[in-house]
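Every value quoted in this text rests on a predicted model; they were computed, and no experiment measured them. Sequence lines set the chain letters: A, B, ... in the order given, protein chains first and strands last, and positions in each chain run from 1.
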Amino acid sequence: MAEDEQSLITDEHRALIGVPGEPSTVVVREADAKRMRDVLGDTDPRWADGTGMAPPYVIAFFGGRGGGGGRATPQLLPGAILTQQEWKFSRPFKIGEELKAVGQVFDIRERLGGRYGHSVLVTTSTDYYDADGQHVAASLLTITQFDPARAGRGGSE
Amino acid sequence: MSRYYEDVRVDDELEPVEKLPTEDLAIDFFGRDNPTNPAFADAEAGRRMGIGGALVPGVLKMSWMTQYVNDWAGAEAEVGSIRVAFRRPDVAGKPLVLMGRVVDKRQEGGKNVVELEVVTIADGEPSVRGNITVALPSRG
């Protein structure tokens with residue numbers, strides 16, 4: 001294996017996989033739901049003002065409200081770009097409810113070649129639970145880490 | 001209007017919808033008081049990343065895709081999941097066309113699940129590819 005093809009993933013990194021972070025809490029805020037609905041032009045009556053419900057995409061903002069679930073994302077290379085994301089919904093969100101967020105590193109893998117050269121793909125997940133401990137939703141995202149000096153220009157988000 | 005499981009067929013296509021992402025839209029989506037990636041609002045920051053202008057946030061595109069399928073599925077439907085791959089960056093100011101197609105329908109966990117493939121097209125090329133599952137009501 002050439003020097004620049006040596007694996008960057010150590011046993012320390014692998015040990016992070018599947019270890020839940022310190023839980024955090026996030027509140028489904030009416031202001032966030034309304035703002036996002038307005039920006040998207042979403043007139044769906046199910047989550048209109050006064051229904052007490054929030055649209056599913058409000059999950060996009062949980063990370064920005066401290067709902068990352070305490071996961072520690074290892075940084076192996078200086079460049080980072082979001083390449084894959086997933087949301088899962090067990091039930092609709094209610095305005096004002098407080099959710100417990102539990103994050104973890106879901107997977108770490110490497111890729112040789114391609115537009116980013118030698119890259120590391122880190123997938124993290126956050127599960128959201130209600131006050132009764134019932135699963136409400138989950139978010140997974142994959143960040144591709146790369147060395148900008150070695151990657152091609154442009155590329156995926 | 002409700003869309004019923006029995007009325008949906010694999011290969012059914014959704015009517016395309018055009019969206020125009022802008023820097024202002026991205027800032028408003030996250031909220032003007034909330035710090036976010038500077039490349040979402042600053043074309044120069046985007047250019048420094050090798051993109052041709054301000055970057056369109058991935059979660060904004062995911063939200064549009066979710067809304068697109070919700071609108072198609074009707075008021076009794078429930079989106080179960082959305083999984084996307086960001087293939088290319090999208091630049092603010094360039095129109096995006098959302099297109100969708102039914103790729104599967106199945107009974108799953110007591111629900112009538114329809115799976116759609118949804119893609120955003122910019123400059124004639126796909127930029128985001130996604131699969132969305134939605135549970136539909138039954139006529140029965």
B:R101: which residues meet the side chain to side chain contact (heavy atoms under 4.5 Å, CB included) condition with it, sequence neighbours left out? B:D11, B:E13, B:V103, B:E117
Listing, residues 15-26 of chain B side-chain donor-acceptor contacts under 3.5 Å, not counting sequence neighbours, or none:
from, atom 1, to, atom 2, distance (Å)
B:T22, OG1, B:L25, N, 3.0

Name the option with the most non-hydrogen atom pairs under 4.5 Å to chain A; the candidates are B:T66, B:N70, B:L60. B:N70
Side chains of residues 72-79 of chain B: which donor-acceptor partners sit under 3.5 Å, not counting sequence neighbours?
from, atom 1, to, atom 2, distance (Å)
B:E76, OE2, B:S2, OG, 2.5

Any donor and acceptor pair, going by atom type alone, linking the side chain of B:Y5 with main-chain N or O of B:R106 inside 3.5 Å? yes
By number, which residues in residues 47-57 of chain A have some heavy atom less than 4.5 Å away from chain B? A:W47, A:P56, A:Y57
Neighbour count >12 (heavy atoms, 6.0 Å) for atom CD, A:E110: yes
Other residues, nucleotides and ligands only: do more than 12 of their heavy atoms fall within 6.0 Å of CZ on A:F106? no
Residue part contacting chain A, namely of B:S63, when any heavy atom lies under 4.5 Å: both
Any chance the side chains of B:S127 and B:D90 put a donor and an acceptor closer than 3.5 Å? yes
